[in-house]
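Structure first, then comments.
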Amino acid sequence: MKKQFELLAQHVYAQITNASEDLILNFDAEKSQFIRFNHGHVRQTGTVEQAFITGKIVKEGKTYFFRCPFSSQEETAEFIKTEIENFRIAHHKLPMDPYATKSIHSHSICDMYPATLPNAEDIPAIVNRVVPELDFVGIYGGGTSFRGVSFPSGTRHWFETTTFSLDYSIYLANGRAIRSTYSEKNWNTTNFEKQIATEKQQISALEQPIKKLERGNYRCYICPSAASELVAMQTGNCFSEQALQQKESPFCKLLENQKPLSPLFSLSEDFSTGLVPRFNSIGEVSPQKIELVANGKFKASLIGSRSAKEYQKQTNGAEVSENVRSPVMPPGNLDAEKALETLGTGIYISALHYLNYSDVPNARITGMTRYSCLWVENGKFVAPINDLRFDDSLYSLF
Amino acid sequence: MNFSVTKALTALTPRKADWFSLRYMNTRSQICSVRNGHPEHIFSNLDTGVMIEVLVNDVFGYACTNNLSTTSLQAALLRAERDALAAQPFALNRFSQAQRPASKGEYKSPKERDGNLLDHIDLAVELSQKLKSHNAIVAGIADFTLETYNTEFVSSSGASVFQTATDTIVDLRATAANATDSQTRTLCGMRGHSKQAGIESFERNFLLENAERIREESIELLLSPQCPEGKKKVVIAPSQMMLQIHESIGHPLEMDRILGDERAYAGASFVKLDDFGKLQYGSPLLNVTFDPTISGEFASYGFDDIGDPAKKEFIIKDGVLVRALGGLESQLRSGIPGVANSRACSWNRAPIDRMANLNIEPGTSNFNDIIASIEDGIFMECNRSWSIDDYRNKFQFGCEYGKLIKNGKLTGTVKNPNYRGISVPFWNSLYMVGNASTMGVFGTPNCGKGEPNQCVRVGHASPVCAFCDIEIFGGL
């Protein structure tokens, strides 16, 4: 795929665009296997193979984007030629773009993360063997995704990663469930079996009668799986320079020191996970790590090149959306094995569902608990709880 | 590019499949987004590809690609056969060609005029400038989308369905801010102004009038008091009813959720199989229909994505649940009557149970009579926040704009109007339904569900509705 993209880019820059047209080409593709399970059996199974080219062209202060399928070299080049001709014809109608940014020249980067996946034909049998008596529901998704960026200057970035995940729930007859994901670098059936065996031991706590909790404030332990949902709520507008400038970010009051977060909370944009490329869709390369919040204090916003121009700031390689692409919340000093003991009496929250902002300026979020949330007394699981709604501010949660 | 899906079907050679189909989609879209008078995103998109489905010994498999060469399609066909075979001993259900009818027909959406969205960029610039034209406004945004999608479904058993639709989306948004607060007002919630129509949708006078109103109302909200807390009668405008229908009627009645397919992701449903024909879902004033045949509504079609012909069906009749949102596969699995709603977001996803147009039928009350009947209540419009549990029971929704109702009259504006409820008790508290003059027709391209995720268009039409004893509250 890398070679095909490079050949296409060479052809387009040599044969289709001219010196006055600054064209950045993006390539994105996937080869994926998906298998859905319900009640431990296969509900749907299939593959997705797709590849696309996205172009951003700037000429005389006017910007235009296009996207088309990437199939054969000849056909894709023809698509691109048509789009560029459309742009040339429409150029006089397009408004001037004061925040137009041109491609830059930088060193090319190539990050590739290969991995070993199971054979597609074997997955239904493996799952069936490991969870024969369980009400197992979820999806296996595995394959390779590809990203590339090309500039007229000759800079070429490439990112290729092979990953899998088996994202699932195990339901009990009483409707309670354990939620989990099996995912690691290389598929290992023994590890998957061990994970399921461990989770089977948690089922007994869910078989107790439900404890109904009344509306109020409770001490909670929020597992990483649920905490990541709360962190995900911070990946949208929270750190976007444009959203902060336009007062549409929930963290305006954090930036302006009107409301603090806990000194125990930090958050970074950290590309060392290798899950997403460090370069953005216009080829800018982000630092490996950007501290967004350090010990409860606002440290940095994500600044795309358009915002940099609009607000006279320095870009830090953010995507146009200025979303956090690879959030990492570093660990503190609470030992996972002592979590229940430290909680004492309260709620063990393993999953949250359908979070949404109910009051953006105050970073207030509403959502539900889901799956195996448990009442804990004196550091011991006592019973599952009824699903609870919460409505609280990130400023008080974090 | 000249691609014939019929020729492609005859060029392919199955090795194991008893039946196979090709669903070809070709989508052309243009997007124009302008903020504070400057272009943000002017975009042209072409998306084409083919989904191949096979039936091998009563089990379906699929494979899709956007490389339309015969070699690529043949490879996809063999991958689909491989996966269907691998699933044979472990398949949840057995199906037949009855779940993929050999339908023949066409559908064409209504439109008055074809056109190029690039000819309307000036209007988007003008709108965003109008939205921004006050010192208190920090963002004035106008987004236009024009999209045409053609779908052809052909099968080895003789299905031949061609459908073409053009749709438009208009989004206008103004955000007003001061030192401590910001308030956003939109045309009708996030991308709610979505419909099947041609370039005539970008109607200058209508949009300019609304841009002015949106700007003024966002400033008005900034200066308004918080929505009060308590239990009151709530009158909900169609621009919020669309979300209310969607989350607390549409999703819980999707049969694949009831059958458990979505339990690890989108969630299940509080509705049980034996509720159909019995459950008093809402008050006797509640009549809900699934109707993909309404001209111009956003999710209209002639056939679903497995070739089942679409028709209007009552889902809730006089408050009683009578039918599920389940396509032909779900109907076989559940034994419950359903609708033609096996839909995929595009060529690269397999069809699952979805909403299409899901509407509340009009009642008999006019708007003034509804307001006049209320001593102490609130009127809310335009969704801005939504959250509901994974069984679609406990919800909390927020609106952009509220007006208190005192002694039968609309009075002061309040900001951050929110309300909470539980689906069945909420719908049973419905006590007045507006007549046809109060109807609003909306849609959204953002209904997400499915593994892997699929985002589809849905349409929702509703009259103004009034509910009693609803818990309301405001912001901090």
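A quick note: this is a predicted structure, and the numbers were derived from the prediction, not measured. Note on naming: letters A, B, ... go to the chains in the order of the sequence lines (proteins, then strands), and numbering restarts at 1 for each one.
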Pick from [options] with the largest number of heavy-atom pairs that fall under 4.5 Å of chain A:
| options | result |
| --- | --- |
| B/Ala139, B/Ala177, B/Gly260 | B/Gly260 |
| B/Cys64, B/Ser182, B/Ala87 | B/Cys64 |
| B/Lys415, B/Met51, B/Glu329 | B/Glu329 |
| B/Leu259, B/Ile388, B/Asn393 | B/Ile388 |
| B/Asn45, B/Ile31, B/Asn93 | B/Asn45 |

Counting only non-hydrogen atoms closer than 4.5 Å, does [X] touch chain B with its backbone (N, CA, C, O), its side chain (CB onward), both, or neither?
| X | answer |
| --- | --- |
| A/Lys62 | neither |
| A/Tyr64 | both |
| A/Glu78 | neither |
| A/Gln246 | both |
| A/Tyr371 | side chain |
| A/Asp122 | neither |

_Minimum heavy-atom distance B/Thr180-A/Lys253, with the two atoms named_ =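 Nearest heavy atoms, B/Thr180 then A/Lys253: O-NZ, 3.3 Å.
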
*Nearest heavy-atom neighbours spanning B/Asp261 and A/Arg36*: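 That would be O-NH2, 3.4 Å.
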
Just so I understand: if I count every heavy-atom pair under 4.5 Å between each of [options] and chain B, which residue has the most?
| options | value |
| --- | --- |
| A/Ala51, A/Ser71, A/Gly367 | A/Ala51 |
| A/Gly141, A/Cys252, A/Ala125 | A/Ala125 |
| A/Gln245, A/Lys31, A/Arg179, A/Gln258 | A/Arg179 |
| A/Ala100, A/Ser32, A/Ser169, A/Gly40 | A/Ser169 |
| A/Thr369, A/Asp97, A/Leu355 | A/Asp97 |

*Do A/Thr366 and B/Arg420 have side chains that get closer than 4.5 Å, going by heavy atoms?*
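No, their side chains stay 4.5 Å or more apart.
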
*Evaluate the criterion side chain to side chain contact (heavy atoms under 4.5 Å, CB included) for residue pair A/Asn38 and B/Arg263; output intermediate values, then yes/no.*
CA-CA 9 Å; A/Asn38 187 5; B/Arg263 288 176 296 166; 2.7 Å; yes

*Looking only at side chains, do A/Gln33 and B/Asp83 share a donor and an acceptor under 3.5 Å apart?*
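There is such a pair between these side chains.
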
*Side chains of B/Arg79 and A/Thr47, donor plus acceptor under 3.5 Å*: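 Side-chain D/A pair, B/Arg79 to A/Thr47: present.
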
*Can you name the residues that form a salt bridge (charged side-chain N to carboxylate O under 4.0 Å, His left out) with A/Asp359, not counting sequence neighbours?*
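For A/Asp359 there are no salt bridge (charged side-chain N to carboxylate O under 4.0 Å, His left out) partners, ignoring immediate neighbours.
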
*Output, in order, the C-alpha distance, side-chain angles, deciding distance and verdict of side chain to side chain contact (heavy atoms under 4.5 Å, CB included) for B/Phe90 and A/Phe37.*
CA-CA 10 Å; B/Phe90 316 106; A/Phe37 295 91; over 6 Å; no

Gap between atom [atom2] of [Y] and atom [atom1] of [X] - 0.5 Å precision:
| X | Y | atom1 | atom2 | result |
| --- | --- | --- | --- | --- |
| B/Ser72 | A/Glu49 | OG | CD | 7.0 Å |
| A/Tyr354 | B/Ser387 | OH | OG | 7.5 Å |
| A/Asp391 | B/Gln396 | CG | CD | 4.5 Å |
| B/Leu118 | A/Leu94 | CG | CG | 6.0 Å |

*Mind telling me whether A/Phe52 and B/Trp347 have parallel, tilted or perpendicular rings, with 30° and 60° as the class edges?*
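Rings of B/Trp347 and A/Phe52: tilted, as their planes differ by 30° to 60°.
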
*Classify the ring geometry between A/Tyr99 and B/His38 as parallel (under 30°), tilted (30 to 60°) or perpendicular (over 60°).*
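If you compare the ring of A/Tyr99 with that of B/His38, the planes turn out perpendicular.
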
*Could you go step by step and tell me if B/Glu471 and A/Arg215 meet the salt bridge (Lys or Arg N to Asp or Glu O under 4.0 Å) rule?*
CA-CA 14 Å; B/Glu471 185 184 346; A/Arg215 191 180 288 195; 3.1 Å; yes

*Are the side chain of A/Thr45 and the backbone of B/Gly61 linked by a donor-acceptor contact shorter than 3.5 Å?*
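Checked: no pair found.
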
*May I have the step-by-step check of salt bridge (Lys or Arg N to Asp or Glu O under 4.0 Å) for B/Glu451 and A/Arg43, ending in yes or no?*
CA-CA 11 Å; B/Glu451 292 179 306; A/Arg43 168 67 188 101; over 6 Å; no

*Give a yes or no on whether A/Lys309 atom NZ has more than 12 heavy-atom contacts from other residues, nucleotides or ligands under 6.0 Å away.*
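Counting other residues, nucleotides and ligands, NZ of A/Lys309 exceeds 12 neighbours.
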
*With a 4.0 Å cut-off, would you call B/Asp389 and A/Arg389 a salt bridge?*
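Judged by the 4.0 Å cut-off on N to carboxylate O distance, B/Asp389 and A/Arg389 do not form a salt bridge.
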
*asked:* I need the contact set between residues 170-178 of chain A and chain B: heavy-atom distance under 4.5 Å, sorted by residue number.
replied: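 Against chain B, the residues of residues 170-178 of chain A that fall inside the cut-off (heavy atoms, under 4.5 Å) are A/Tyr171, A/Gly175.
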
*Does the pair A/Lys93 and B/Ile42 meet the rule for a side chain to side chain contact (heavy atoms under 4.5 Å, CB included), with working shown?*
CA-CA 12 Å; A/Lys93 298 178 194 168; B/Ile42 297 170; over 6 Å; no

